Amino acid sequence: MADSLNDTHDGEILGGIARPADLEGPGATQLGEVPEHQSALETHTHLASESESEHVSQEQAHLSPIKTKPSPPPDSSIVRLIEQADHSAGKLVNLLAQHFPCFRDETRFDGRKVHFLKRAQIFVADLWAAFNGTGYGAFDNIECLTMFADYRVPQMLHTLGVLSYSPPLLYRLRDQKEIPSGHSWEVQLRGCSIWAVELIRREIVRQHPEAEGVVNAVLIDFFLYDLAKERERGVGGGLEVPHHRTRSIWY
Ligand SMILES: Nc1nc2c(c(CN[C@H]3C=C[C@H](O)[C@@H]3O)cn2[C@@H]2O[C@H](COP(=O)(O)O)[C@@H](O)[C@H]2O)c(=O)[nH]1
């Protein structure tokens, strides 16, 4: 799935395993090494062992004290970040993930790192939608965002017959038992939803060439999410199976 995203879109799609080449920067490289509880901007510290401490204190006796300047607090003012992104939706997503650990929605699948960045992407899409693509909501490449991989859209895609589930997964969903965050099923539900929405987008464009550059994953996601909410209220036939249950901060 991810390889095809990469092959066909030249790394433009942000979610899934693909990561846009033009968005890789020092921040992006750093992300992989920063534990979730530690801000990417925090200084790396380590607790010295007892022998190290002794060694250090003997050495320090011969050295003048080192004056360390406290590092300035990170400028994570949201307007500054938006300006820094320079109208690139992908850049803003990565800046948000870099500055706010709670947006750093990344996991591993099949030995590879996967960047979903759902909340960072929905932030940018909200900005785009709320400002109607102008001012702070003006982005040159809104089409580089993926759908927002959580639990409503996969449920809707399944109800529409776009996604089909293996029997063990179906049992788990019907039982409404938890699927742990990062479990292969959860990652596949999210990843396949991204790919399914991309395939829907391509099919729309194939049938309506004038929709190229107009229809994007954000709009398809908003449509499917609203549809899922309607179906939940019993409008239009309900939903086939319950949505997956995962406790996580990433949705
Ligand atoms: N894929 C996708 N997920 C979406 C939305 C929305 C609705 N849109 C706006 C809402 C706030 C932001 O400003 C969004 O633009 C909420 N959610 C997610 O559903 C969850 C809320 O659960 P419940 O309320 O029970 O459906 C929560 O994880 C939330 O992030 C969407 O459009 N697409």
Side-chain angles (χ1 to χ4, degrees), residues 1 5 13-16 36 78-79 81-82 85 89-90 92-93 95-97 100-107 114-139 142-160 162-163 165 173 176-183 185-201 204 214-251:
M1 179 193 70
L5 278 178
I13 289 189
L14 232 158
E36 278 164 27
I78 206 63
V79 167
L81 291 186
I82 294 167
L92 183 54
V93 167
L95 281 169
L96 289 165
F100 301 101
C102 64
F103 280 162
R104 217 172 291 150
D105 171 17
E106 298 165 343
T107 186
V114 183
H115 311 263
F116 286 114
L117 305 175
K118 184 256 172 178
R119 291 176 59 202
Q121 294 203 69
I122 208 169
F123 179 103
V124 177
D126 274 355
L127 206 57
W128 176 69
F131 282 90
N132 212 8
T134 61
Y136 289 132
F139 295 102
I142 199 72
E143 71 287 347
C144 84
L145 301 186
T146 67
M147 55 75 74
F148 317 115
D150 53 29
Y151 54 98
R152 292 271 175 217
V153 174
Q155 184 191 27
M156 195 62 236
L157 288 169
H158 176 262
T159 298
L160 294 173
V162 178
L163 291 183
Y165 298 157
L173 296 175
Q176 305 198 18
K177 292 246 173 71
E178 190 182 342
I179 300 179
S181 181
H183 185 285
W185 280 346
E186 190 235 4
V187 181
Q188 289 181 63
L189 280 162
R190 302 182 79 194
C192 291
S193 300
I194 292 174
W195 184 230
V197 166
E198 171 58 14
L199 291 178
I200 291 172
R201 189 197 66 79
I204 293 172
V214 179
V215 166
N216 55 43
V218 173
L219 296 175
I220 299 171
D221 175 286
F222 285 164
F223 171 79
L224 292 169
Y225 177 86
D226 289 346
L227 193 59
K229 296 294 275 188
E230 269 180 26
R231 294 289 188 100
E232 190 184 42
R233 290 196 301 273
V235 181
L239 291 150
E240 274 287 311
V241 289
H243 60 69
H244 68 274
R245 260 91 180 142
T246 295
R247 283 182 197 279
S248 114
I249 61 165
W250 309 125
Y251 299 177

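When reading the values below, keep in mind they use all heavy atoms of this one structure, side chains included, and skip hydrogens, waters and symmetry mates. Indexing begins at 1, ligand by ligand and atom by atom, following the structure's order. What you see is a predicted model, and the numbers here were worked out from it, not measured in a lab.
Backbone and side-chain nitrogen or oxygen atoms of Phe148 are examined, and one is located within less than 3.5 angstrom of a nitrogen or oxygen of ligand 1.
Side-chain atoms of Asp221 and Leu145, non-hydrogen and from C-beta on, never get closer than 4.5 Å to each other. The side-chain heavy atoms of Phe116 and Thr146, taken from C-beta on, include no pair separated by under 4.5 Å. At a threshold of 4.5 Å between non-hydrogen side-chain atoms, the residues Thr246 and Tyr251 count as touching. Two residues are said to be in side-chain contact when any heavy atoms from C-beta on lie closer than 4.5 Å; Tyr165 and Pro154 meet this criterion. Side-chain atoms of Leu157 and Ile200, non-hydrogen and from C-beta on, do get closer than 4.5 Å to each other.
Among Phe222, Tyr251, Phe223, Trp250, the residue whose heavy atom lies closest to atom 32 (O) of ligand 1 is Phe222.
Heavy-atom proximity to Val153, at under 4.0 Å, picks out these atoms of ligand 1: 1 (N). Atoms of ligand 1 lying under 4.0 Å from any heavy atom of Asp126, numbered from 1 in the order shown and given with element: 12 (C), 13 (O), 14 (C), 15 (O).
No donor-acceptor pair under 3.5 Å is formed between the side chain of Arg201 and the backbone N or O of Asn216. One N or O on the side chain of Arg245 and one on the backbone of His243 form a donor-acceptor pair closer than 3.5 Å.
Ranking protein heavy atoms by distance to atom 21 (C) of ligand 1, first place goes to Tyr151 OH, 3.6 Å. Here the protein heavy atom with the shortest distance to atom 18 (C) of ligand 1 is Asp150 OD2, 3.3 Å. Closest protein heavy atom to atom 31 (C) of ligand 1: Tyr225 CG, 3.3 Å. With hydrogens left out, the protein atom closest to atom 1 (N) of ligand 1 is Asp221 OD2, 2.9 Å, a heavy atom. Summary of contacts: the protein heavy atom closest to atom 25 (O) of ligand 1 is Arg152 NH2, 2.9 Å.
The proximity of Lys229 to ligand 1, defined as any non-hydrogen pair under 4.0 Å, is limited to the side chain.
There is a protein heavy atom closer than 4.0 angstrom to atom 16 (C) of ligand 1. For atom 9 (C) of ligand 1, the protein comes within 4.0 Å by no heavy atom at all. Counting protein heavy atoms under 4.0 angstrom from atom 13 (O) of ligand 1 gives one or more.
Lys118 counts as a contact of ligand 1, since one of its heavy atoms falls under 4.0 Å from the ligand.
Ring geometry for Phe100 against Phe103 counts as perpendicular: the plane angle is over 60°, on a 0 to 90° scale with 30° as the lower cut.
Within 6.0 Å of the CZ atom in Phe223, the count of heavy atoms belonging to other residues, nucleotides or ligands does not exceed 12.
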